[in-house]
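One structure is given below, encoded as structure tokens.
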Amino acid sequence: MTDDTDERETICDSAASLVEGCRLPVRMAGGNDWPLAEIVSIKEIRESRFFYVHYIDFNKRLDEWVTEERLDTRKVQFPRRDGPAQGTGVSTPKKLGLGAGMGGGSVPSRPSSPVAAELVNGSAVLAAALHKKMSRKRKGVSLESEAGEARGGAEAAGAEARPESQEALPRSTGSMVAHHDDVVTRMKNVEMIMLGRHRIRPWYFSPYPQMVHLPCIYICEFCLKYRKSLKCLEMHLAKCNLRHPPGNEIYRKGSISFFEIDGRKNKVYAQNLCLLAKLFLDHKTLYYDTDPFLFYVMTDFDARGFHIVGYFSKEKESTEDYNVACILTMPPYQRKGYGKLLIEFSYELSKFEGKTGSPEKPLSDLGLLSYRSYWAHTILDFLICAKPTGDFESPQITINEICEQTSIKKEDVISTLQNLNLINYYKGQYIITLNHELITSHSRAMEKRATRIDPKCLHWTPKDWSKRAKW
């Protein structure tokens, strides 16, 4: 096939001629939709071929293994010979690919990279990061520059290796920056996890060391250490003394508590938390160095202990005034209002600090929806409750006053007002106009938020992290 026909749709005789990088319609699980998908990897089990596909323009959490019956070979786009398919966003490292180690059987648990690559497992990921930091120390690299590079959405627990000839990427917005995917990290490598009473199917890749060939990873819901079998977990639970996250409990109301964990003092817990979070967070570069971060874990208390609901992390020192580096509500607790509770708590901390804050951007699709909803409800709540002053019939409010009262950063306030179409230009000045329909809709939404953060239950004193001795 010549290069000028590579991008054209071709009728394929059989699925046997399909290769990695091919694009074709694939029937999605649980429906009759046939969106365009890209074949990421191919494996054979007992003379049957399985294809790991990514649905174009869909989130990676929907990626899955499919059989030949779900492929439409009448419309196949073969990859170009000079590189990966256009628009895939794949960047394969030239020397080192990070991923899961192969299992004990003859079936590979990861695809071969299109470029010759040295295979390393999750343990090597951690080892590579450790070796990298030790090399920096030997070269006299300062702690400040080290901390500047040690950013990640899950901030810890692994390292994305770069080719030696490739220069380090400049830090942009920290943990939310998209990393370079290779073929390994594009694929889910963990089938199932067991966390407390919940069995959860992961969404994305996470470099759990030497665990990926197992059908299920068993995780202690209190210390977050992982085990290879239920029996090993039961033996661990008999010895584990924790019934809540390590750290200080800084908030409790009803059954909801928040614990503050220092990434330096509780390094192992922080690393395990980041490994767990990476299963449900895409486009995060994992680093093992958790020292520059604080972790705020929300729990739900019952007779058995404090069960993790979600968490967010933040830098001890943020020059951009970020109050959240990474935020996650665990899947069993999603769609129950806990996400907004996490966001509300992060802004409550900012109020105690006397600062305005904002999450690191870009946000994930679910994160953006949650934040936009929180900003809208919080700002509308403030505007509706505002009282007229003096002889004015309407309240006189500035953007800065909204920022001071809500601790939401100025650009987020402006973008929210614009998204709600509340800003209008009238008689030479900008005014905010609220209509009855919007107020009614807001009131209904607030009635559904039964659980809110009570500032009186927060017992916390901000620290000045500018002095390194306090780390």
Side-chain angles (χ1 to χ4, degrees), residues 125-138 140-160 171 174-176 207 209 220 222-226 240-242 244-251 257-278 281 284-299 306 308 310-328 345-346 349-350 352-353 355 357 360 459-471:
V125 173
L126 305 182
L130 182 60
H131 176 74
K132 193 173 183 180
K133 183 177 181 183
M134 296 304 295
S135 298
R136 287 199 191 105
K137 286 187 174 181
R138 285 194 293 269
V141 178
S142 66
L143 180 61
E144 287 79 0
S145 63
E146 236 175 69
E149 291 183 10
R151 304 295 201 273
E155 293 91 12
E160 182 178 353
R171 181 181 182 273
S175 65
M176 307 305 282
C220 174
F222 301 115
C223 71
L224 302 186
K225 290 182 179 178
Y226 45 90
C240 184
N241 296 322
L242 281 181
H244 59 77
N248 299 322
E249 184 181 11
I250 61 175
Y251 179 92
S257 292
F258 278 86
F259 291 82
E260 182 184 60
I261 292 97
D262 189 322
R264 182 184 67 84
K265 296 179 180 178
N266 298 283
K267 192 182 294 288
V268 174
Y269 180 88
Q271 290 175 352
N272 288 332
L273 175 60
C274 294
L275 277 174
L276 174 62
K278 183 64 186 70
L281 296 170
K284 310 296 181 183
T285 302
L286 296 179
Y287 289 87
Y288 82 100
D289 187 4
T290 60
D291 289 13
F293 295 92
L294 295 169
F295 299 82
Y296 295 89
V297 178
M298 179 167 65
T299 63
F306 295 79
I308 181 170
Y311 90 104
F312 68 88
S313 59
K314 63 185 292 186
E315 293 177 285
K316 293 175 180 176
E317 291 183 272
S318 175
T319 55
E320 297 89 350
D321 290 330
Y322 293 133
N323 62 357
V324 165
C326 181
I327 186 167
L328 171 71
F345 190 80
S346 70
L349 296 183
S350 295
F352 269 61
E353 293 174 317
K355 300 177 181 178
E360 289 192 7
H459 304 285
W460 179 73
T461 303
K463 290 184 180 179
D464 180 11
W465 295 102
S466 59
K467 298 178 181 179
R468 294 286 177 179
K470 291 194 174 184
W471 281 36

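Just so you know, residue 1 is the first one in the sequence shown, and it goes up from there. Here the structure is a predicted model, which is why all the values come from computation and not from measurement.
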Show the numbers, then the answer: is there a side chain to side chain contact (heavy atoms under 4.5 Å, CB included) between Phe293 and Glu315? CA-CA 5 Å; Phe293 295 92; Glu315 293 177 285; 3.6 Å; yes

Evaluate Glu353 against Trp460 for side chain to side chain contact (heavy atoms under 4.5 Å, CB included), listing each step before the verdict. CA-CA 10 Å; Glu353 293 174 317; Trp460 179 73; 3.8 Å; yes

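With contacts defined as side-chain heavy-atom distances shorter than 4.5 Å, the pair Cys326/Leu281 qualifies. Counting only heavy atoms from C-beta outward, the side chains of Asn323 and Leu349 never approach each other to under 4.5 Å. Using a 4.5 Å heavy-atom cutoff, the side chains of Ile261 and Tyr311 are not in contact. Side-chain atoms of Met298 and Phe345, non-hydrogen and from C-beta on, never get closer than 4.5 Å to each other. Looking only at side-chain heavy atoms (C-beta outward), Val297 and Tyr269 come within less than 4.5 Å of each other. Between His244 and Phe222, every side-chain heavy-atom pair lies at or beyond the 4.5 Å cut-off. For the pair Ile308/Pro245, no side-chain contact is recorded, criterion being any heavy-atom separation below 4.5 Å from C-beta on.
Considering all non-hydrogen atoms of both residues, Val268 and Lys225 come closest at CG1-CE, 4.5 Å. Minimum interatomic distance between Ser257 and Phe259 (heavy atoms only, all atoms of both residues): CB-CE1, 3.9 Å. When every heavy atom of Asp291 is checked against every heavy atom of Gly263, the shortest pair comes out as OD1-O, 3.8 Å.
With sequence neighbours excluded, the residues satisfying ring-ring contact (aromatic ring centres under 6.0 Å, His included) with Phe312 are Tyr296.
The CG atom of Leu294 sits 5.0 Å away from atom CH2 of Trp465, with the distance rounded to the nearest 0.5 Å. Note that NZ of Lys316 and CG of Asp464 are 13.0 Å apart. Values are rounded to the nearest 0.5 Å. If you take NE2 on His459 and CZ on Phe258, they are separated by 14.0 Å, rounding to the nearest 0.5 Å. Note that OG1 of Thr290 is 10.5 Å distant from CG of Asn272, once rounded to the nearest 0.5 Å. Put simply, CD on Glu260 and NZ on Lys265 are 9.0 Å apart, with the number rounded to the nearest 0.5 Å. Rounding to the nearest 0.5 Å places CG of Leu273 at 14.0 Å from NZ of Lys278.
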